[in-house]
Amino acid sequence: MASIDLAATYAALILADEGIEITSDKILALTGAADVELEPIWATLLAKALEGKDVKDLLSNVGAGGGAPAVGAGPAAAGAAPAAAAVEEAKEEEKKEEKEESDEDMGFGLFD
């Protein structure tokens, strides 16, 4: 089963390398030429996932993923302040809920 998935991926890579638009029909044609039976749904899903993306660019930037910005990132950090406040409020609400759910508030214990 893994070889079928790899065949579809390799077909997409071949198309990208040749500068040809990646479509489900072309993926099916390449996998069919390689004598691999691929269900059309998988070719369609792969083609839609790669639609509008530069596959060569994706491959060359694999390790350069978008990490979190530094704390003192200037203007970007200013936009993050409301988000940090929202996270802090969520933590406070979570603590309040934990206190409300304790057995002590119910007036009885497990072994009473």
Side-chain angles (χ1 to χ4, degrees):
M1 182 158 177
S3 63
I4 294 172
D5 297 336
L6 285 175
T9 305
Y10 290 149
L13 289 173
I14 290 169
L15 292 169
D17 190 48
E18 293 297 321
I20 301 171
E21 182 183 2
I22 300 171
T23 64
S24 61
D25 293 334
K26 292 175 184 171
I27 292 172
L28 288 171
L30 277 172
T31 54
D35 199 27
V36 176
E37 279 190 44
L38 179 67
E39 293 181 36
I41 186 68
W42 299 118
T44 303
L45 287 173
L46 181 59
K48 285 188 179 193
L50 297 175
E51 184 178 4
K53 297 191 175 49
D54 184 12
V55 176
K56 290 181 182 179
D57 187 46
L58 289 172
L59 290 173
S60 63
N61 292 324
V62 170
V71 174
V87 170
E88 192 66 32
E89 287 177 18
K91 286 182 181 178
E92 289 176 11
E93 289 178 15
E94 197 172 294
K95 288 180 183 177
K96 289 178 184 176
E97 288 177 8
E98 287 177 7
K99 290 180 182 177
E100 292 174 2
E101 294 177 2
S102 70
D103 287 340
E104 294 172 335
D105 292 341
M106 293 183 200
F108 62 90
L110 181 61
F111 299 106
D112 287 341

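Since this is a predicted model, take the numbers as computed values, not measurements. Count residues from 1 along the sequence.
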Does a sphere of radius 6.0 Å around CG in D35 hold more than 12 heavy atoms from other residues, nucleotides or ligands, not counting ones at 6.0 Å or beyond?
-> no
State, with a plain yes or no, whether a side-chain heavy atom of T23 is found less than 4.5 Å away from one of E51.
-> no
For T31 and A11, which heavy atoms make the closest approach, and how far apart are they?
-> CG2-CB, 4.2 Å
Rounded distance (nearest 0.5 Å) linking atom CG of L46 with atom CD1 of I41 = 11.5 Å
Side chain to side chain contact (heavy atoms under 4.5 Å, CB included) partner of I27, chosen from I14, L15, L50 = L15
Any side-chain heavy-atom pair of P40 and L28 under 4.5 Å = yes
Between CD1 on residue I22 and NZ on residue K53, distance to nearest 0.5 Å | 10.5 Å
Nearest heavy atoms of K26 and E21, plus distance in Å = CD-O, 3.3 Å
For A47 and S24, the nearest pair of non-hydrogen atoms, with its separation, is CB-N, 3.5 Å
